[in-house]
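In what follows, every heavy atom counts, from backbone to side chain, and hydrogens, waters and symmetry copies are set aside. By convention in this document, chain letters (A, B, ...) are assigned in the order of the sequence lines, proteins followed by strands, and residues within each chain are numbered from 1.
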6 protein chains.
Amino acid sequence: MPTILVVNVNTSSAVTDVIASAARAAVSEATRVVALTPSFGPASVESNYESYLSAVGVLDAVQTYENSGGEFDAVVHAGFGEVGREALQDVLTVPVVDITEAAAHTACLLGRSFGVVTSLDRAAPAIHDRLLLAGLAGRCAGIRSVDLPVLDLEANPEVTAKAFVEQARHLVDEGAEVICLGCAGMAGIHEAVTAAVDVPVVDGVAAGARLAESLVGLGLSTSKARSYAPPRRKQVLGWPLGG
Amino acid sequence: MPTILVVNVNTSSAVTDVIASAARAAVSEATRVVALTPSFGPASVESNYESYLSAVGVLDAVQTYENSGGEFDAVVHAGFGEVGREALQDVLTVPVVDITEAAAHTACLLGRSFGVVTSLDRAAPAIHDRLLLAGLAGRCAGIRSVDLPVLDLEANPEVTAKAFVEQARHLVDEGAEVICLGCAGMAGIHEAVTAAVDVPVVDGVAAGARLAESLVGLGLSTSKARSYAPPRRKQVLGWPLGG
Amino acid sequence: MPTILVVNVNTSSAVTDVIASAARAAVSEATRVVALTPSFGPASVESNYESYLSAVGVLDAVQTYENSGGEFDAVVHAGFGEVGREALQDVLTVPVVDITEAAAHTACLLGRSFGVVTSLDRAAPAIHDRLLLAGLAGRCAGIRSVDLPVLDLEANPEVTAKAFVEQARHLVDEGAEVICLGCAGMAGIHEAVTAAVDVPVVDGVAAGARLAESLVGLGLSTSKARSYAPPRRKQVLGWPLGG
Amino acid sequence: MPTILVVNVNTSSAVTDVIASAARAAVSEATRVVALTPSFGPASVESNYESYLSAVGVLDAVQTYENSGGEFDAVVHAGFGEVGREALQDVLTVPVVDITEAAAHTACLLGRSFGVVTSLDRAAPAIHDRLLLAGLAGRCAGIRSVDLPVLDLEANPEVTAKAFVEQARHLVDEGAEVICLGCAGMAGIHEAVTAAVDVPVVDGVAAGARLAESLVGLGLSTSKARSYAPPRRKQVLGWPLGG
Amino acid sequence: MPTILVVNVNTSSAVTDVIASAARAAVSEATRVVALTPSFGPASVESNYESYLSAVGVLDAVQTYENSGGEFDAVVHAGFGEVGREALQDVLTVPVVDITEAAAHTACLLGRSFGVVTSLDRAAPAIHDRLLLAGLAGRCAGIRSVDLPVLDLEANPEVTAKAFVEQARHLVDEGAEVICLGCAGMAGIHEAVTAAVDVPVVDGVAAGARLAESLVGLGLSTSKARSYAPPRRKQVLGWPLGG
Amino acid sequence: MPTILVVNVNTSSAVTDVIASAARAAVSEATRVVALTPSFGPASVESNYESYLSAVGVLDAVQTYENSGGEFDAVVHAGFGEVGREALQDVLTVPVVDITEAAAHTACLLGRSFGVVTSLDRAAPAIHDRLLLAGLAGRCAGIRSVDLPVLDLEANPEVTAKAFVEQARHLVDEGAEVICLGCAGMAGIHEAVTAAVDVPVVDGVAAGARLAESLVGLGLSTSKARSYAPPRRKQVLGWPLGG
């Protein structure tokens, strides 16, 4: 029974629960999902500063889990637009899937171009940068924000869904044929947005969990040839964090 | 039990059998694979001319299967570098996965850049065009050919494997971190090439079948918003073939 | 006396007649224009599905003409935004000019960027793909549609001209310095649009016929070095179509 | 009888004669070719410095010809890789064709990618810049030089032809399907290079003259909408030259 | 004491004075600024035609200064969006900084994307071309014009400032995080625009002078390896201009 | 007297000293340089994993310095190819200059294209990603490595210089007109490499310090409009480090 480790990027365990449910719903029954909440980093990730802190929080969560005997066959990095996926790839031998990329790759299989609806406007450039590095910016018709902080998104799902639908409709008018929900923990509004916009709507957590499971099924993992080769052994001050 | 329809692009049923086996090995046991061989088109697809004929042969095979009561939940277009995937997307409501794109998207999850080893040199520009339209040409470190016709590739698996390994090694030297087997029906050499080059090797048929199954599992299908909207009803002379 | 073969992509001989006239008006008197109508394929081409069928219809029309002793010095593929030009290049030794590319190349000689007005909105992404592969997408300021089916465009030339002018004006406002008529058979409105928008207006059929004649005059033809080398001899089931 | 003005960029009338012959051979008999030699600027153009001087020399030659009552229907700017085409477009109402662009556009109709063989290595980056601005750099497989000064190219045609063939072969090996002769006045070696490399070889002067004639035939000229609108009237010190 | 030569592109000495003041205010006290006005070329540069003339006027001004014994350690080419920087690089051994590029490079250090506000709309494409060649077009969120001729900009600074603020606000709304003043001689409105738009505003002349001084301080100058190698000696008719 | 804070990315104070010297040599006498060594993170940064840890180490070093009353007018992030510059921009109001970008922007002012010589081959893709996000990848002719670990580079300067010269020469042969030293702390070999390759050689630390000083002199700082707006106040677990 393969195990997919899904790692939240913020320290909110409520968000982790939502993410875990979405991942579980996406994979087959024979696959186990374990969700982790970092014990280092910000309560929500909405800036570059927080994104870099979260990268280390995620690394710490995974290594702590591993060092305590936890086993897993793949990792899902569940921060939409956040940095740090490559760091996990360096230190692990199992595949690592980033939800921004998972959503975008999945969307590319469904339509000619996709749009992203995210939380705050300031996240849009960072999401664009992730897509650019992934080589998929050319397939992106636009990134729009609902102008709501991450943690408010779950507070009132109806307001959130309505706001996402509004921006998604603009994106479809601008040429998007698929919509990506540009935030983790958005599974709750997936159905409502899908119903309203009449194009496929991709939740990155679901897509990421399913792609991770697929890679495990295909017997494929991260290349260790160059970019993600294991780091050389050396002194790291202050690491592991609680060390 | 979901059914994945895997469609060969050439008229060789021996190749179809190899493709079918690769697809079956890639999906979970609960998924059924049905493989089709076109009854129109070339014995092997190695030129633009043959690729366009095959596009219509594939369309015909799928529509004939559908019209005869065949049911399926997704289609895999199993021609590496060949055209025609969009035509299927127009006329179907289930997801359609092209193996060139499936291999490339999968490779992008495994390494920073990938290389493709294909049959004849003349196929390389066509493969590049498919990757360019998919937005993934920037992730491709190179496309190399073994200079062997498609149907010879299976005649002598050892020669084929050796030739693929040689080109794959060049690609790794040139920066490729993942290798895609740039031809359908290459499952037989997957293990040998993987062992020799020490980077992940992606077989498009396996990747395509698994991605198709994933889309079905995620409840996602082709967007009908714009590019792949259903064609308007109209007279089509000579169609269906043999009609 | 050189002969230019102009091939319609749909099966409407009325459209073929309009195309033939436009081509004849564009070339010098010493050049003969022969126009062909496919006997396979859709009545109008407005989707990927129809575009792929038309590619084979065009191939069939040209090969049938050739096999019946018809001689020609160049071919114009007269489907705006449609696929299949490369297939002709593989099997012929004379130059082949696609009207989408002909219009775009010509427009690039006249202004810094061009816009395209086409029939249905769903055609816009396909046109963009053709321009992307041609390397000319960066010179394209936009593609707009009049939202009228192809065969309606000729039914009421005044309505069509008015609709084209409206979209052309938007494109000029958005930076286009030249307008391409994004549909074959639009010669009838060329004058009216030109008069209204005060920028050069390029009809792909005229541009294509003239460029084809130019290539003949320059003694140049398709390179057979790689992409468009002659296909290897092999069995092709069901081909030629009426065979 | 249309008149095409072909303007050399250097002050060598011997080069002008060669260019004039090439242009005459390329257009139809009914078209007149008038060739101009600047009376300002360098004896050969091999650097940015000389290219900018030549731009003004070409402008002066055309305006002097026009002011002295000369009539013409199109202009060919006959400097491969040189700047200044846009200046002519601003001040003229007839079409202006640059030979770098003419060669590249023509090559794109003949093969999937082209290579350029030029004189000195230092010219290669400038040629790339011209192609980049034209949007055609993506179609260029490479630019190679024979490492011979411009004026030496004609001194010994056999040496020149041999050197061009050598570099052209490298380019074909690197993927070029068409070769552009990256220097004006190369008509003399066109045949020899074509015979040796077995791919189409494009001479920019011939291509430019023919395209200019085509634009005249199509009744098309430079857009005056934005980039090439007529300059506002104002004082220009020292201009016209010798004024 | 290093000397920075700042060269106006038009023949208005009033504009030269404004440019000189801006440059002096930007460099450290230990650096001397010498400003030159061309004695050849247009009163203002607003078209390609004028830009090419100005390129030669700038060359002439610098070489005349040099030949008369003037010494300098770097040159600032002070025409926003104008051509000719490379010509200076060929003939000089000291660094040459173009203000379009200086503004763009500086803006890139301050924000993720920048916008440009320029004088006339027709200048926008030329500015885009300069940014494209500099590799910085991807960082540019937009180029907008105030629709005022260059020489009018100084006539009424309040009107000019208001117009610049209006366009700058549009650019910020469209994603620009930094504004570049797309015209030389705009130092006078720098403060007003900065106050109004609340993002960094870059004046190309100030940025260019400071970058030129920095290169001198770092002991770096133009590479003579390839693009900007010294031109070979040869006859140049009519040059130097007053010769 | 302006103060430039130069922050090493690894925990080696010996490297910090070298960096500090290079920065001091680059700025004017009136500018003070303060160099910081992180107390968190790896002894050398040679992988993505270490790069992300260093990003947090750098953040911590700067905030600790600031919280202890340290004042500064600009920050130089002195890790070549490393991540984290944006995090500093979010939390600071003074300008932040990254040495990868500083080297590349400076190189662009000196030649048409630049090459980078770095330590280990695995760093090359990460450097390319930084340049891609900066929009400068198109100006980069290549990235080569000397295949030596970061900390070995200083152990034997002669071996290091020789290795850098060898790779730099390859890059110049491949079209680079300027060389960037792709590692911090390389000031010691700057002279030797410059002497050997005969093109400008840019040290990122020197360039970064000088550009930082220039921004301070120009009164410009990071835009707070969007990407680098101050983070919203929220709980951050485990932060500040050692808190």
Side-chain angles (χ1 to χ4, degrees), chain A residues 25-30 86 89 95-98 101-102 104-114 131-140 172 175-179 194 197-203 206-207 209-215 217-228, chain B residues 25-30 86 89 95-98 101-102 104-114 131-140 172 175-179 194 197-203 206-207 209-215 217-228:
Chain A
V27 298
S28 55
E29 281 186 38
E86 311 94 305
Q89 287 178 301
V96 180
V97 176
D98 170 279
E101 294 167 356
H105 284 296
T106 300
C108 286
L109 298 173
L110 303 171
R112 196 174 161 286
S113 60
F114 61 87
L131 295 175
L132 186 67
L133 290 180
L136 294 170
R139 298 286 294 271
C140 180
V172 171
E177 302 185 1
V178 181
I179 295 297
T194 300
V197 296
D198 204 26
V199 300
V201 176
V202 180
D203 174 40
R210 189 80 198 201
L211 283 179
E213 185 188 38
S214 292
L215 295 178
L218 289 166
L220 293 168
S221 190
T222 307
S223 175
K224 291 291 165 180
R226 197 182 192 204
S227 294
Y228 311 124
Chain B
V27 297
S28 55
E29 281 185 39
E86 311 94 304
Q89 287 178 301
V96 179
V97 176
D98 170 280
E101 294 168 355
H105 285 295
T106 300
C108 286
L109 299 172
L110 303 171
R112 196 173 161 287
S113 60
F114 62 88
L131 295 175
L132 186 68
L133 289 180
L136 294 170
R139 298 286 293 271
C140 180
V172 171
E177 302 185 359
V178 181
I179 296 297
T194 301
V197 297
D198 204 26
V199 300
V201 176
V202 180
D203 174 40
R210 188 81 198 200
L211 284 180
E213 185 189 39
S214 292
L215 295 178
L218 290 165
L220 293 167
S221 190
T222 305
S223 175
K224 290 291 164 180
R226 196 183 192 205
S227 294
Y228 311 125

Most heavy-atom pairs under 4.5 Å with chain B, out of A:Gly135, A:Ala137, A:Ala225, A:Gly138, belong to A:Gly135

Proximity breakdown for A:Val197 and chain B, heavy-atom pairs closer than 4.5 Å: neither

Shortest non-hydrogen contact between A:His105 and B:Leu136, atoms and distance: CE1-CD2, 4.4 Å

Scanning both residues in full, the closest heavy-atom pair of B:Arg210 with A:Gly217 reads NH1-CA, 3.8 Å

Could you tell me which portion of A:Leu133 (side chain, backbone, both or neither) has an atom closer than 4.5 angstrom to a non-hydrogen atom of chain B? backbone

Between A:Val201 and chain B, which part of the residue has a heavy atom less than 4.5 Å away: side chain, backbone, both or neither? backbone

Among A:Gly175, A:Ala134, A:Ala26, A:Ala104, which residue has the highest count of heavy-atom pairs closer than 4.5 Å to chain B? A:Ala134

Identify the heavy atoms of A:Pro200 and B:Thr222 that sit nearest to each other, and give their distance. CG-C, 4.1 Å

Determine, step by step, whether A:Leu109 and B:Asp98 satisfy the side-chain contact (heavy atoms from CB on, under 4.5 Å) criterion, reporting the C-alpha distance in whole Å, the side-chain angles of both residues, the deciding distance to 0.1 Å, and the verdict. CA-CA 9 Å; A:Leu109 298 173; B:Asp98 170 280; over 6 Å; no

If I measure from the heavy atoms of chain A, does B:Arg112 come under 4.5 Å with its side chain, its backbone, both, or neither? both

So, do B:Thr106 and A:Leu211 sit near enough that their side-chain heavy atoms are less than 4.5 Å apart? no

Turns out that what part of A:Glu213 lies under 4.5 Å from chain B's heavy atoms comes down to both

Which atom of A:Val178 lies closest to which atom of B:Ser223, heavy atoms considered: CG2-CB, 4.2 Å

Relative to chain A, which of B:Pro95, B:Cys108, B:Ser221 shows the most heavy atom pairs under 4.5 Å? B:Ser221

